[in-house]
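Each chain gets a letter, A, B and so on, in the order the sequences are listed, and its residues count up from 1.
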2 protein chains.
Amino acid sequence: MAAQRGQRGGVGGDTPPAPTAAEITTPIPRVADVPAARERARAVPEAAVARLAVYLRVLSAMQEQGAVTVSSEELSAAAGVNSAKLRKDLSYIGSYGTRGVGYEVTVLIEEIERILGLTRKHSVAVVGIGNLGHALANYGGFPGRGFPVSALFDVDPDLVGVPVGGIAVHHIDDIPRVCSEREVSIGVIATPPPAAQTVCDRLVEAGVQCILNFAPVVLQVPDHVEVRKVDLAVELQVLSFHVARRADDAAATGGRQVNGMVVS
Amino acid sequence: MAAQRGQRGGVGGDTPPAPTAAEITTPIPRVADVPAARERARAVPEAAVARLAVYLRVLSAMQEQGAVTVSSEELSAAAGVNSAKLRKDLSYIGSYGTRGVGYEVTVLIEEIERILGLTRKHSVAVVGIGNLGHALANYGGFPGRGFPVSALFDVDPDLVGVPVGGIAVHHIDDIPRVCSEREVSIGVIATPPPAAQTVCDRLVEAGVQCILNFAPVVLQVPDHVEVRKVDLAVELQVLSFHVARRADDAAATGGRQVNGMVVS
DNA sequence: TACCGCTTGTGAACGCGTGCACAAAGTCAG
DNA sequence: CTGACTTTGTGCACGCGTTCACAAGCGGTA
Ligand SMILES: NC(=O)c1ccc[n+]([C@@H]2O[C@H](COP(=O)([O-])OP(=O)(O)OC[C@H]3O[C@@H](n4cnc5c(N)ncnc54)[C@H](O)[C@@H]3O)[C@@H](O)[C@H]2O)c1
Ligand SMILES: NC(=O)c1ccc[n+]([C@@H]2O[C@H](COP(=O)([O-])OP(=O)(O)OC[C@H]3O[C@@H](n4cnc5c(N)ncnc54)[C@H](O)[C@@H]3O)[C@@H](O)[C@H]2O)c1
């Protein structure tokens with residue numbers, strides 16, 4: 001079993017414990033150390049990667065509205081970030097702007113897609129076709145973005161064979177075969193918590209390298225598998241924390257409050 | 001309209017870029033100047049808050065299995081984090097451990113619940129009862145954790161009046177009345193992207209202080225409203241990035257690969 | 001009571017990410 | 001061609017969060 005590691009993503013900034021070395025800030029910008037070549041991609045901070053995905057969506061919307069160029073100021077405002085942060089994020093992937101003008105929308109889209117690996121399609125398999133699994137399978141936003149949902153799995157015999165969102169549900173025993181046939185690279189786990197680890201193991205055996213986990217459990221995976229989790233209960237609890245903090249602040253500063261809401 | 005701010009949560013560590021005034025950076029990095037009393041709650045880093053929610057779930061599971069005390073080593077392993085990090089996280093909320101022994105499970109649960117504001121129930125309203133909204137409304141995990149889903153809204157006349165997950169769907173025009181009556185403190189947006197900002201504005205007008213947003217748009221909210229977003233497309237794209245990075249690494253080190261999968 | 005082993009709690013160092021501020025580099029007008 | 005203006009790209013400093021390492025503290029034992 002791989003050493004217990006934090007599951008990155010999902011909630012809060014969860015930086016992985018320094019994968020290795022890399023990201024060297026040598027005084028002298030050493031040109032060639034070991035791999036050296038496309039080393040740049042590795043140097044993009046995880047937080048920046050997530051934001052690049054947001055920029056990409058904003059850029060696509062701008063492109064549809066006919067925008068040709070965009071300044072860091074405009075783009076950052078639309079993406080809800082600081083303009084300096086945006087420029088730094090873009091600098092991680094190269095210099096594609098024109099000083100005094102801005103960035104060419106199409107160029108930026110291409111480069112971000114390249115860095116994010118979106119030039120290739122990534123087939124997605126969803127396991128656990130319950131409430132959430134149905135929603136994911138029926139969602140039209142993924143295929144359009146290069147993530148075709150190409151396999152569905154469940155353990156329930158009543159569900160196996162039933163088409164959901166256009167494709168038939170398979171039994172989980174078929175995970176290895178179907179995932180291999182359809183070249184699935186991302187597995188989504190939407191099963192009840194107790195089943196999540198088992199399902200995860202099967203996906204990993206089937207060669208799936210990336211997993212998006214909705215079940216509120218910490219998954220154990222080998223080092224070469226990337227896991228991100230989406231934990232809605234945690235999201236709600238973080239919001240709850242802010243309500244409480246605000247209520248405390250109000251109480252401390254003498255403001256009245258009703259049912260946790262500050263009435264100023 | 002409030003100044004454009006980063007939407008925290010969801011993906012990566014997204015610290016808001018200095019809201020406006022307030023949040024002064026005094027030469028001496030004094031954390032708390034005036035209230036001082038229960039100021040501790042404010043000092044808990046956002047990242048730690050998210051992890052506390054995870055610890056809480058693990059602790060609840062342990063309690064059900066009859067555990068009385070737990071060491072930082074055990075708890076951290078179960079939560080998938082470093083034990084030092086766990087102890088530091090717990091230290092933000094006080095000293096409730098016994099050296100040489102560990103933490104009493106019930107005490108820890110109580111204290112974390114207190115800090116997260118879970119001693120009070122937080123009514124949740126879901127807006128947009130489509131694929132995702134249905135899943136959320138039917139999900140049994142929220143009410144059990146102190147987050148009763150107590151109001152549903154949609155614009156579709158065919159949906160209004162229909163019961164979903166036990167409660168009837170209301171028209172969005174009723175947001176102010178119903179949210180007020182049922183003391184909703186958290187609003188969940190699961191509408192199509194174009195409708196999200198409008199829905200958000202209505203929720204804010206209705207006095208909702210916290211919003212969990214599933215629509216892939218950057219919401220504009222006043223400073224006193226807390227927004228967290230869950231962006232599944234971004235999650236997939238971050239995973240895609242890792243596939244690409246890994247493929248590059250393999251190519252650089254001479255490893256063979258098939259369809260983006262490294263064959264060692 | 002004195003000792004020993006175990007675990008907490010935290011001071012301090014480190015590293016990463018953010019934001020500032022500005023030089024470099026381009027455009028455009030005249 | 002020159003000079004004014006605009007916007008990028010980034011060096012640098014700061015602050016937050018993570019991690020290490022260990023003193024302090026507690027329970028058990030003789
Ligand atoms: N529905 C939500 O809004 C929501 C919100 C937060 C978290 N979650 C989490 O997402 C997961 C799914 O939630 P849901 O509401 O869709 O649950 P659900 O009970 O509606 O669906 C679970 C599905 O998984 C299938 N399943 C059970 N064991 C399986 C196995 N071993 N292999 C494959 N499939 C199996 C079941 O047959 C069922 O179809 C749960 O872990 C839940 O905690 C859901
Ligand atoms: N379904 C998923 O798995 C998924 C995944 C990622 C993101 N999302 C996002 O979540 C949101 C909802 O997705 P979905 O698949 O449930 O969409 P959906 O189309 O199934 O449902 C949207 C619902 O919102 C309602 N609606 C439309 N305008 C409204 C308004 N002004 N006020 C209130 N309700 C309104 C519609 O009547 C419909 O019932 C979208 O923004 C989508 O991008 C969904």
> Whole Å only: how far is the NZ atom of K85(B) from the C1' atom of dC16(D)?
Replying inline: 13 Å
> Side chain of E74(A), backbone of S71(A): donor and acceptor closer than 3.5 Å?
Replying inline: yes
>> Can you measure L75(A) atom CG to dT6(D) atom P for me and round it to whole angstrom units?
In response: 20 Å
> Which residue, A84(B) or D89(A), contacts DNA chain C at a nucleotide closer to its 5' end, judged by nearest heavy atom?
Replying inline: A84(B)
>> Using a strict heavy-atom distance below 4.0 Å, which residues from residues 55-72 of chain B are in contact with DNA chain C?
In response: S71(B), S72(B)
>> I need the CG-P distance between L90(B) and dT8(C), as an integer number of Å.
In response: 9 Å
Just the atom pairs and distances: protein N or O near nucleotides 25-30 of chain C's N or O, under 3.5 Å.
unit_1  : atom_1 : unit_2 : atom_2 : d
dA25(C) : O4'    : R99(A) : NE     : 3.4

> Atom CG of L52(A) and atom C1' of dG17(C): how far apart are they, to the nearest Å?
Replying inline: 14 Å
>> Between N213(A) (side chain only) and V217(A) (backbone N and O only), is there a donor and an acceptor less than 3.5 Å apart?
In response: yes
>> I need the CD-C1' distance between E74(A) and dT6(D), as an integer number of Å.
In response: 13 Å
>> Could you check whether E46(B) and H242(A), counting side-chain N and O atoms only, form a donor-acceptor pair closer than 3.5 Å?
In response: yes
>> Nearest whole Å is fine: how far is dC16(D) P from R51(B) CZ?
In response: 15 Å
> Between dG17(C), dG9(D), dA21(C), which one does the side chain of Y103(A) approach most closely?
Replying inline: dG9(D)
>> Should the side chain of K88(B) and the base of dG9(C) be counted as holding a donor-acceptor pair, with the cut-off at 3.5 Å?
In response: no
> Which residue, R87(A), K88(A), K85(A), forms the side-chain hydrogen bond (donor to acceptor under 3.5 Å, both in side chains) with S72(A)?
Replying inline: R87(A)
> OP1 or OP2 of dC20(D) less than 4.0 angstrom from a side-chain nitrogen or oxygen of N82(B), does that happen here?
Replying inline: yes
>> Do Y92(B) and I115(B) have side chains that approach each other closer than 4.5 Å (heavy atoms only, starting at C-beta)?
In response: no
> Any side-chain heavy atom of R51(B) sitting closer than 4.5 Å to one from V81(B)?
Replying inline: yes
> Which distance, rounded to the nearest 0.5 Å, do you find between the CG of L108(A) and the CG of L56(A)?
Replying inline: 9.0 Å
> In whole Å, what is the span from the CG atom of L86(B) to the C1' atom of dT18(D)?
Replying inline: 13 Å
>> Between S240(A) (side chain only) and G117(B) (backbone N and O only), is there a donor and an acceptor less than 3.5 Å apart?
In response: yes
>> Expressed as a whole number of angstroms, how long is the span from Y92(A):OH to dG17(C):C1'?
In response: 7 Å
>> For the backbone of Q220(B) and the side chain of Q197(B), can you confirm whether one donor and one acceptor N or O come within less than 3.5 Å of each other?
In response: yes
> Below 4.0 angstrom from OP1 or OP2 of dT18(C), is there any side-chain N or O of R87(A)?
Replying inline: no
